[in-house]
Number of protein chains: 2
Amino acid sequence: MYTIGQVSEMFNLPISTLRYYDKEGLFPSMQRQSGIRQFGETEVEALRVIECLKTSGLEIKDIKKFMEWCVEGPATYAQRKELFETRKTAVEAEMIQLQKTLDMLRFKCWYYETAIQDGNEDRLNDLMPNDLPADIQKLYNNAHS
Amino acid sequence: MYTIGQVSEMFNLPISTLRYYDKEGLFPSMQRQSGIRQFGETEVEALRVIECLKTSGLEIKDIKKFMEWCVEGPATYAQRKELFETRKTAVEAEMIQLQKTLDMLRFKCWYYETAIQDGNEDRLNDLMPNDLPADIQKLYNNAHS
DNA sequence: GTAGTACCTAAACCTGACTTTAGGTCAAGG
DNA sequence: CCTTGACCTAAAGTCAGGTTTAGGTACTAC
């Protein structure tokens, strides 16, 4: 069993955030000892899942729903699996988006490196996409697809 | 030259958002024709960059700074390149984070699939990490690293 | 016995990124 | 002529996800 202060250190999260999560219902089965929160293995695992679902783009109120399903037992296994499948799809889509963004950023890095060397953008402005070096052209195409 | 309505359709962004971006200074050299905004090639390219920088996690006020640098000319090439380099690093870090998240999600999918088959989590609870199937163990380790 | 530390609550506040509202201009069509 | 549609502004409202504030409890150390 951990205190809120210990969990705050373990997860590098402000205490206020942990209390906020609790208030929002993210730890539906957390116990108290004369008013003081007791974080057990259940809550620590819950926090790992919270961080995962948050990173996946899920909102707090939907994370709360998931935590409630966990309390409801085996009847909700299918819904819980569905949720993770949906999140998986969302994250896969976001990674594709980020890959495009990354290629755009790499293209811009090359662009400004060239502009610095030239001292201006004149040559760059005259360049057609297929005048670009092969590797840079790939970044450009990927970023604009 | 495009009207705000045309750009809204092109980028699939609400007109209100485009006006908001303008108000925030994201199109520092946009022209007006008797009060009406005129989006030229500069503004369209600006919007592509805005979407890229926003996806990379940059705030509106910092995108504004970048747009101002663009107006200042060659003197700011180095700063602009620096900005894209920094964004590149940030996105690369985020992709690593998302890869971990994805492995956690895949692990949870496997977990609940197994729970559905078993009808309970008893067997899963007794499993030590290295009792897991090799591929699942990899997901688990990656997600918890 | 009182100062410090770790915990608690309710409620107000904050930030970023928009969106909505209320009111106005202007050109074209019936 | 008057209504419809596309544009305009300033200002207020919204929403998520916290954070801060103000005030209180309870144990420990000096």
Side-chain angles (χ1 to χ4, degrees), chain A residues 1-40 43-44 46-67 87 90 94 97 101, chain B residues 1-40 43-44 46-68 83 87 90 94 97 101:
Chain A
M1 289 287 178
Y2 308 97
T3 67
I4 199 169
Q6 289 169 328
V7 175
S8 162
E9 299 251 293
M10 284 165 58
F11 282 85
N12 219 345
L13 283 173
I15 289 180
S16 63
T17 301
L18 293 171
R19 293 210 258 249
Y20 165 69
Y21 286 172
D22 186 24
K23 202 178 53 170
E24 293 304 301
L26 266 44
F27 308 115
S29 40
M30 186 153 57
Q31 301 293 103
R32 302 254 183 154
Q33 171 79 277
S34 52
I36 291 173
R37 288 173 186 84
Q38 306 214 276
F39 289 76
E43 283 70 39
V44 169
L47 261 174
R48 282 193 277 264
V49 174
I50 288 166
E51 304 240 279
C52 167
L53 290 176
K54 246 171 56 77
T55 303
S56 87
L58 203 66
E59 290 178 17
I60 300 290
K61 63 173 182 293
D62 295 317
I63 301 182
K64 174 189 175 162
K65 258 197 310 193
F66 170 77
M67 292 304 170
R87 289 297 91 206
E94 204 192 330
Q97 180 57 47
T101 299
Chain B
M1 289 287 178
Y2 308 97
T3 65
I4 200 169
Q6 289 169 328
V7 176
S8 162
E9 298 251 293
M10 282 164 61
F11 282 84
N12 218 347
L13 284 174
I15 289 179
S16 63
T17 301
L18 293 171
R19 291 211 259 248
Y20 164 70
Y21 285 172
D22 187 24
K23 202 179 54 168
E24 293 304 301
L26 266 42
F27 307 116
S29 39
M30 186 153 56
Q31 301 293 103
R32 300 257 183 152
Q33 171 81 277
S34 52
I36 290 173
R37 289 176 185 84
Q38 306 213 277
F39 289 77
E43 282 69 40
V44 169
L47 261 174
R48 281 194 278 264
V49 174
I50 288 166
E51 304 241 278
C52 167
L53 290 176
K54 247 171 53 78
T55 303
S56 86
L58 204 65
E59 290 178 17
I60 299 290
K61 63 171 183 295
D62 294 318
I63 300 181
K64 173 189 175 162
K65 259 196 310 192
F66 170 77
M67 293 303 170
E68 286 166 354
L83 176 70
R87 289 296 92 206
E94 204 192 330
Q97 180 57 49
T101 299

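So that the names make sense, note that chain A is the first sequence line, chain B the second, and so on, each numbered from 1. Model, not experiment: these values are computed from the prediction.
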- Message: Restricting to salt bridge (Lys or Arg N to Asp or Glu O under 4.0 Å), what partner residues turn up for A/Lys65, sequence neighbours left out?
- Response: A/Asp62

- Mind calculating the distance between NZ (B/Lys64) and P (C/dA17) to the nearest angstrom? 13 Å

- With sequence neighbours excluded, give me every side-chain hydrogen bond (donor to acceptor under 3.5 Å, both in side chains) pair touching residues 26-35 of chain B. B/Asp22-B/Arg32

- Query: Of all residues at least two apart in sequence or in a different chain, which pass the salt bridge (Lys or Arg N to Asp or Glu O under 4.0 Å) check with B/Glu24?
  - Reply: none

- Note on the structure: Smallest heavy-atom separation, A/Met67 atom then A/Gly25 atom, equals CB-O, 4.4 Å

- Sorted by chain and residue number, the side-chain hydrogen bond (donor to acceptor under 3.5 Å, both in side chains) partners of A/Arg19 (sequence neighbours excluded) come out as none

- In chain order, what residues pass the side-chain contact (heavy atoms from CB on, under 4.5 Å) check against A/Glu9, with sequence neighbours excluded? none

Just distance, no hydrogens or angles: give the donor-acceptor pairs under 3.5 Å from side chains in residues 47-56 of chain B, sequence neighbours left out.
| residue | atom | partner | partner atom | Å |
| --- | --- | --- | --- | --- |
| B/Arg48 | NE | B/Glu45 | OE1 | 2.9 |
| B/Arg48 | NH2 | B/Glu45 | OE1 | 3.3 |
| B/Thr55 | OG1 | B/Glu51 | O | 2.8 |
| B/Ser56 | OG | B/Leu53 | O | 2.7 |

- Check: A/Ser8 side chain, A/Ile4 main-chain N or O, donor-acceptor pair, under 3.5 Å: no

- Task: Between A/Tyr21 and B/Thr3, name the one whose nearest nucleotide on DNA chain D is closer to the 5' end.
- Result: B/Thr3

- Where at least one partner belongs to residues 21-40 of chain B, residue pairs that pass ring pair (Phe, Tyr, Trp, His ring centres under 6.0 Å), sequence neighbours excluded: B/Phe27-B/Phe39

- Can you list, by residue number, the residues of residues 23-40 of chain B that have a non-hydrogen atom closer than 4.0 angstrom to DNA chain C? none

- salt bridge (Lys or Arg N to Asp or Glu O under 4.0 Å) involving A/Glu59 - partner list, sequence neighbours excluded: A/Lys61

- Message: At a heavy-atom distance below 4.0 Å, what parts of residues 5-19 of chain B sit against DNA chain C?
- Response: B/Pro14, B/Ser16, B/Thr17

- Positional range of nucleotides in DNA chain D within the contact set of chain B, heavy-atom, under 4.0 Å: D/dC7 to D/dT9

